[in-house]
Amino acid sequence: MATLKAVRGTRDLLPPETALWNQIEATARSVFARYNFGEIRTPIFEDTSLFSRSVGEETDIVSKEMYTWEDRARAQSEKAQSLTLRPENTAGVVRAYIEHKLGETGQLQKLYYIGPQFRRERPQKGRYRQFYQIGAEVMGPPSAGSESPLRDAEVLEMLATFLDELGITGWTLQLNSVGSAADRARYNETLRAALAPLAPQMCPDCQRRAVTNPLRVLDCKVPEDQPLIATLPMIAASLDDASKAHFAAVMAALDAAGVPYVRNDRLVRGLDYYTRTTFEFTHGGLGAQNALLGGGRYDGLSESIGGPKAPGIGFAMGEDRLVLTLQAQQAAETQLAHAYLAPLGEALNAPALRLARELRRGGLRIELGDGGFRLKKSFDAAEKTARRIIILGEDELQSGILTVKDFASGVQTKVPRGELVRFLSAPTHE
Ligand code: ATP
Ligand code: MG
């Protein structure tokens, strides 16, 4: 009998790795509690129309990635119900908000969730068919302040705090505003016109999007399409004054709180319900799947699925990608440095710091010694912490030619200063 395996795109999480998952979840619970969020758990499957009406018919998720089936009818008179494994959790939370009349409390609802989501995507590093999200939503009636830009800034500041407490370094917050529903509609028409002559040269998905939902073109990941996408008009020009003021207030609050961000005019998100603020936290270490998390404001979502006016903002983090990032960081921390730089005499300390700065800015991991050490002490320290040693003496400084000794092979190589980064980045010969 053929052995059974976990289905493509799904996997088992085993110890010791599960300890890391628990640590991430515990950190999320602890940070979110300090912002006065409470946990919500919604069902793993929902009525299919919940997703088609909220996420949007024309999105990749609804058009091709959902696990949907017809549930058996209980009686002959009953119609079979179309059910879907949740591809994301915001729709379920908003449905629950409406169903339990949480808006009638008059208070802001601040809810977080942790759990599996399902999308039929092509599995690759950081992309699975069953994956895990940690997310949160802040929503409520406008009288509770749910439209305030302060809520957006608070959520972003909470995310920065969470990533910092988790120990993830080197993240970037990318921020944009896609405006009100009317702004988006206006921009969609501008894009449609701009895309008409370009679309035939683009990928098949973009050719379809150019007609059905032009905004989605900006979300395209095909490298060949990017130069064309770069020529398209920006959404900032389509924002009305109220949306511009809202966005400016979000940025002012982030500046005041000291949360760094970069504006990305091309950032639109893969779901139709977003309005105004949209954001992603990205991380260079993840490769092509570089988004750690994404989110934004969704002022009309509740109404679009039959609920009361309940503006809100939320996010979803890819827990799988948090795990990958932490694992890569831990591996890097136990790695040897690319090189140990040993200044020959204290007079060379300052020039050595300058050279170390050049190399580190080139992306290298450099251990900087001290000109006060004897050569033997430098070599001992270098062998413990780095793969190679570079001696910087007066001669090397003058000639600009450095000698690099590789510990594993014992080989010494003379390298011009301008080529050191390239030389040291190459793998060492064992
Ligand atoms: P991407 O552009 O990477 O496909 P997305 O725009 O589809 O992301 P969202 O739907 O906003 O992302 O989901 C929020 C987060 O969930 C993403 O930033 C990512 O970290 C994670 N995520 C989304 N899809 C997957 C998947 N198939 N496998 C693992 N993580 C995922
Ligand atoms: Mg996606």
Side-chain angles (χ1 to χ4, degrees), residues 6-11 13 21 24 28 51 54-56 58-67 84-94 112-137 155-156 159 162-163 166 168 171-176 178 205 209 213 215-223 225-226 229 264 266-275 277-298 301 313-328:
V7 172
R8 182 170 143 82
T10 73
R11 67 231 153 94
L13 305 174
W21 288 75
I24 292 170
F51 304 113
S54 59
V55 176
E58 269 310 320
T59 58
D60 286 352
I61 294 178
V62 173
S63 66
K64 57 185 187 200
E65 295 173 358
M66 295 203 302
Y67 288 93
T84 292
L85 291 181
R86 63 186 190 194
E88 56 96 36
N89 219 151
T90 300
V93 172
V94 176
Y112 77 87
Y113 58 83
I114 298 176
Q117 316 293 336
F118 306 85
R119 297 182 193 174
R120 191 187 282 102
E121 300 196 70
R122 190 169 69 77
Q124 49 199 295
K125 183 184 171 207
R127 195 176 291 290
Y128 313 97
R129 290 181 168 179
Q130 173 169 341
F131 61 101
Y132 296 80
Q133 285 185 334
I134 302 177
E137 318 292 346
V155 161
L156 291 166
L159 283 165
F162 169 76
L163 293 176
L166 202 55
I168 290 188
W171 50 262
T172 305
L173 163 54
Q174 309 208 27
L175 193 62
N176 194 20
V178 295
D205 274 340
R209 294 169 182 141
N213 192 352
L215 200 67
R216 293 266 65 76
V217 169
L218 301 189
D219 218 16
C220 173
K221 306 237 163 50
V222 176
D225 285 1
Q226 301 311 312
I229 292 172
N264 176 354
R266 306 276 167 196
L267 181 72
V268 299
R269 312 263 316 110
L271 302 88
D272 270 358
Y273 50 62
Y274 288 115
T275 50
T277 311
T278 51
F279 56 86
E280 275 183 5
F281 281 70
T282 54
H283 196 281
L286 282 166
Q289 273 60 250
N290 71 348
L292 282 175
L293 68 94
R297 181 164 271 289
Y298 43 79
L301 176 55
I313 180 160
F315 62 83
M317 305 194 262
E319 193 176 356
D320 310 75
R321 296 185 192 176
L322 296 175
V323 169
L324 282 171
T325 305
L326 284 173
Q327 284 172 335

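Just so you know, ligand 1 is whichever comes first in the structure, and atom 1 is the first atom listed for that ligand. Nothing here was measured: the structure is a model prediction, and the numbers come from that model.
- The distance from atom CG of Leu173 to atom CG of Leu293, rounded to the nearest 0.5 Å, is 8.5 Å.
- Applying the side chain to side chain donor-acceptor pair (under 3.5 Å) test to Gln226 and every residue at least two apart in sequence or in another chain returns nothing.
- Contact atoms of ligand 1 toward Leu292: 18 (O), 20 (O) (distance under 4.0 Å to a heavy atom of the residue).
- Ligand 1 lies nowhere less than 4.0 angstrom from a heavy atom belonging to Glu88.
- Between the Arg119 side chain and the Ile61 main chain, no donor and acceptor come within less than 3.5 Å of each other.
- With sequence neighbours left out, the side chain to side chain donor-acceptor pair (under 3.5 Å) criterion links Arg11 to Asp320.
- Within the listing of ligand 1, atoms 2 (O) sit less than 4.0 angstrom from a heavy atom of Lys221.
- Of the possible donor and acceptor atoms, one in the side chain of Gln124 sits under 3.5 Å from a partner among the backbone N and O of Arg122.
- When only interatomic distances are considered, the shortest N/O to N/O separation between Glu280 and ligand 1 does not fall below 3.5 Å.
- Taking distance alone, with nitrogen or oxygen atoms compared against 3.5 Å, Ala291 approaches ligand 1 more closely than that limit.
- Checking side-chain atoms of Glu88 against main-chain N and O of Thr90 turns up a donor-acceptor pair under 3.5 Å.
- With atom 3 (O) of ligand 1 as the reference point, the heavy atom nearest to it among Arg321, Arg129, Gln289, Gln117 is part of Arg321.
- Some N or O of Gly318 is nearer than 3.5 Å to an N or O of ligand 1, by distance alone.
- Proximity of Gln133 to ligand 1, defined as any heavy-atom pair under 4.0 Å, is confined to the side chain (atoms from C-beta onward).
- Remark: side-chain polar atoms of Arg209 are not paired, donor with acceptor, to backbone N or O of Val217 under 3.5 angstrom.
- Atoms of ligand 1 lying under 4.0 Å from at least one heavy atom of Gly294, given by number and element, are 18 (O).
- At a heavy-atom distance under 4.0 Å, only side-chain atoms of Glu121, from C-beta outward, approach ligand 1.
- A donor-acceptor pair is defined here as one N or O able to donate and one able to accept, closer than 3.5 Å; such a pair exists between the side chain of Asn176 and the backbone of Leu267.
- Residue Arg119 touches ligand 1 through its side chain alone, judged by heavy-atom distances below 4.0 Å.
- In this comparison of Phe281, Phe315, Phe131, Tyr132, the heavy atom closest to atom 22 (N) of ligand 1 sits on Phe131.
- A donor-acceptor pair under 3.5 Å links the side-chain atoms of Arg120 to the main chain of Met66, judged by distance alone.
- Of the listed options Pro87, Gly295, Gly126, Gly126 places a heavy atom closest to atom 29 (C) of ligand 1.
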